[in-house]
Amino acid sequence: MHYFIGDLGHLFVIVSFVTSLVSAFAYWKANNASAELKNQWLNNARLAFYVHSAAVIGVVVSLFVIIYQHYFEYHYAYSHSSLHLPGEYMISCFWEGQEGSFLLWIFWQALIGIFLMNTQRIWEAPVMVVFGLVQAFLASMILGVVIPLIDIKLGSSPFILLRDAMDDPIFSLQPDFIPKDGNGLNPLLQNYWMVIHPPTLFLGFALTLPPFAFCIAGLWQKKYSEWIKPALPWALLGGAILGVGILMGGYWAYETLNFGGYWNWDPVENAVYVPWLVLIAAIHTMIIYKNSQAALKSAMILNIAVFILILYSTFLTRSGILGDASVHSFTDLGLSGQLLIYLLFFTLAAITLATVRWKEIPTSEKEASIYSREFWIFLGAITLCLMGFQVLLPTSIPVYNKIIELFGGVSNIAPPADQIGFYSKFQLWFGVLVALISGTGQFFWWKRMDKEKLKKEILPPILISLIIFAGIISIAKVYEPAYVVLTLAGVYLIVSNIKVLLSVAKVNPSLSGGAVAHIGIGMMLIGIMFSAGYSNVVSLNNTGMLISKELPTEFNRDNLLLFINEPRSMAGYDIEYLGERVEPRNAPGYVNKNDIDLTFDPFKVVAKKDIEFKGKKILSAKDTFEINPENTYYEIELRKDGKVAATLFPRVQINPAMGGFVASPDIKRNVSRDLYTHVSLPMNRDEEPEWSEMEEIRIPLNKEFFVNDYVAVLEGVTRIHEIEGFKLSDEDVAVQAKVRVSGERDSYYAEPIFLIKDKAQVGRISSEINDLGVKITLLNIHPETNEFSLGLNTRQKDWVIIKAMEKPLINILWLGTIVLMIGFSMAMVRRFKEHRK
Amino acid sequence: MKKSHIIAIIVIAAAIGIIISTAEDASSYVSFDRAFQLASNGNKTQIHVVGGLKKDVNGNIVGLEKSADKLSFSFILVDESQKEQTVYYNEPMPPDFTRSEKVVLIGAYQNNTFVANKILLKCPSKYQEEKINASI
């Protein structure tokens, strides 16, 4: 038992909690102290925050040591890690649990806090008061301390021992019991995107704190407008990082889950999408203020709203309130009350402060003209907020039910039945509005506009857009009215921003971040429209089956049943299922399951022969190599005009943590479209197959016969002296037959054994050829005629059911994402420079 | 009227529109009887029904039928008011279907049969391990 490391970690947690409070208190004092005392308080506060940060790093290191050293006496290591886990995924274990993800969040904010402490003079004290309080609330989530007297447990510690976390009888017999291996990381998360997606997302979460802290500090110190300058670059950085984090999650879902897309409007996804939209709106209002001293109140409200929405999303995903509504929220750790207090504390504090100061906040009286950029930016910000509101409202349905139940009512509201259809039909039109507003708004960047000038400026982009639009529509055959409008709006957004980009780049390229970002948004809109709107099931088979005799409606089937080595046609391809494969951990490619022998260790297998993949030898015969036993890949070949167009390996994972079975797609990527294929149903190998009744034949050597419609021949019979490693005595007689069966692609050998033990007992070991659904038994030997009796059983051949979809122009979406991020970075660099001046 | 007032009115109108449409499109958790009533009144909306699979005294699942080509299946669901109903689903049977404790259907009656569009399964020990695997 390694008690020390856990106790040390727990001590660090407590220290980090206490010092964050001390730091907040000292900064508070420093803020209100006279000049001579101020420095003392400041020094104390800084020291406290440094100790806090060091303690946070101490917690991280302790937890990591526990995971890395496989100390399975700790609940965290036992439930998130295992001996077989490859090194890079040890890092993912760290944030698989709720405690670790809180820790990640605290860690990022500590780093940002240190940075602000050393760069901000005037703002340091008030901003760091907010930081200290937020850190204290987060640290309390992993505190794991029972408050005496009232007997309430505060937080859930990651350093809890397994025997304290689990009520297993083994601990009463053997208190020092340590499991030999852990439960392991959910295999679904063993993916490189899951190594970088959570840290990015939580960095995005952490980056919403500085703008909020500056805003609160501004309200508190009555510096109503000065806070915008230092807050803006942080908001931009947050917008970029949070955006990247969200999209990484989407990309992971596209590659790993079988939802058929990158976005599913799941409550967990919505919970981060809404704050991101509002953050973008907040950035725009801050830009308005920087340019024309208007929209100050909106900027404050929105910056506060972003932070509150982040807390709300934390509450939704971690309190267990989503329950049935979401596939991937965390389970309740008993923190819901604490999370609610965290949410309410900052909501009420911010609202109270803003209300008290409201009258004093300067407002600009003059109305923005339609021909001013401020008017258009503001319109854009409003649209973004409404866009977020539309998503937030239905996502909160489980919360309404809970509130009604709390007041003794009964509520049975469920989320919309077709989530994707429901959200898309609104978000699509908001997308159109965003495109039109930000496309047009760009024309007002430079000079003061009037009606005549605008006409002259706007006409060429409109004409160019219409030409490009007409081209796209006629080539891609977009006829759905809503999609037609969205395409036009997206093209217009791109064209008008390219025009602005060209003229800005001539004058001062560093100012062109906005135009670049908007081009990215336009590309994303078009990419989303095509890949989602025109995603079509290509494995459709219009057999017009009736779903039941009582139901007259005909149903098309979205899935395709493929028997092994039997080509079918699909979407202009010949498609053929070639069998089950495993993936070696340390070699590229896939290995046929028929070519390996299992060992006692499920993670290790032995190659039966030299193994090639794509013409290259990857393993030699008798090589022992490692695999992930939970993963099976189904090799599927696509051919066009007789030539192999692609070989796909969709995966099925046996994953008890996710309900037993998870299918992941394989994607054939083309420039213009992705072909997305996943297994809907694999054969269940645990189920005993239904064999036909045995057919007996009597044949001599080298005479052809048929089994399950395949040509077969008995090539020879030899005497053997051991069976599966067991030596036979001299008294025993054993012979092994070698039967070659010619399949569609390969020849297979069945090697049944006939055994006479102790001169009397007869034993027969049949041999199966999995791919062909054939079982052959050597029944008898007739030395008098030189003939042999074979027993033949057949079953249905191996099969797999797949679903395949086409996603046109999805690459435009990914490309647009990159362009958007470039734009964000350019804008951010400019604002950081501006702030330093 | 000032421009800002016009914008404010439009925003409020849009917000009210969003609230109304959310209320309209929100589905509800109902029983089979209620779902049948809705369908016979010509209401084609998709609803949620929560229930469990029908089991015999020995705990074996009753009434599960796969189509010959394995591409669709039907089963009997007992809703929370103990009403039994055969449900058709036009997808292959999920491998963990028989293990599920609770099934949430999203679908509607078509004539006298219930056709599910989507099935959510609640399986035991989805996230939580109750027992330690002491053998290893």
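We name chains A, B, ... by the order of the sequence lines, and we start the count at 1 in each one.
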Name the region of A:Phe426, side chain, backbone, both or neither, that has any atom closer than 4.5 Å to a heavy atom of chain B.
-> side chain

Consider only side-chain N and O atoms of A:Asp418 and B:Gln46, and report whether a donor and an acceptor are under 3.5 Å apart.
-> no

Is it the backbone or the side chain of A:Gln174 that comes under 4.5 Å from a heavy atom of chain B, or both, or neither?
-> neither

Under a 4.5 Å heavy-atom cutoff, which of A:Cys385, A:Ser411, A:Ala417 has the most pairs with chain B?
-> A:Ala417

Check each atom of A:Ile397 against the heavy atoms of chain B and say whether the ones under 4.5 Å are side chain, backbone, both or neither.
-> side chain

Would you say the side chain of A:Asn559 lies within less than 4.5 Å of the side chain of B:Pro92, judging by non-hydrogen atoms?
-> yes

Any side-chain heavy atom of B:Asp25 sitting closer than 4.5 Å to one from A:Lys425?
-> yes

Do A:Asn412 side-chain atoms and B:Tyr29 backbone N/O form a donor-acceptor pair below 3.5 Å?
-> yes

What are the two closest non-hydrogen atoms of A:Gln390 and B:Ile18, and how far apart are they?
-> CA-CG2, 3.7 Å

Compare all side-chain heavy atoms of B:Ile19 with those of A:Phe389 and state whether any distance is below 4.5 angstrom.
-> yes

Please determine, among B:Glu65, B:Glu91, B:Lys118, the option with the most heavy-atom pairs under 4.5 Å with chain A.
-> B:Glu91

To the nearest 0.5 Å, how far apart are CG in B:Leu71 and CG in A:Leu560?
-> 8.0 Å

Interface moiety of B:Ser21 toward chain A, non-hydrogen atoms closer than 4.5 Å | both

Can you say whether A:Phe72 sits under 4.5 Å from chain B via the side chain, the backbone, both, or neither, judging by heavy atoms?
-> neither

Decide yes or no for A:Phe422 and B:Thr22: does some side-chain heavy atom of the first lie under 4.5 Å from some side-chain heavy atom of the second?
-> yes

Relative to chain B, which segment of A:Ile801 carries a heavy atom at a distance below 4.5 Å: side chain, backbone, both, or neither?
-> side chain

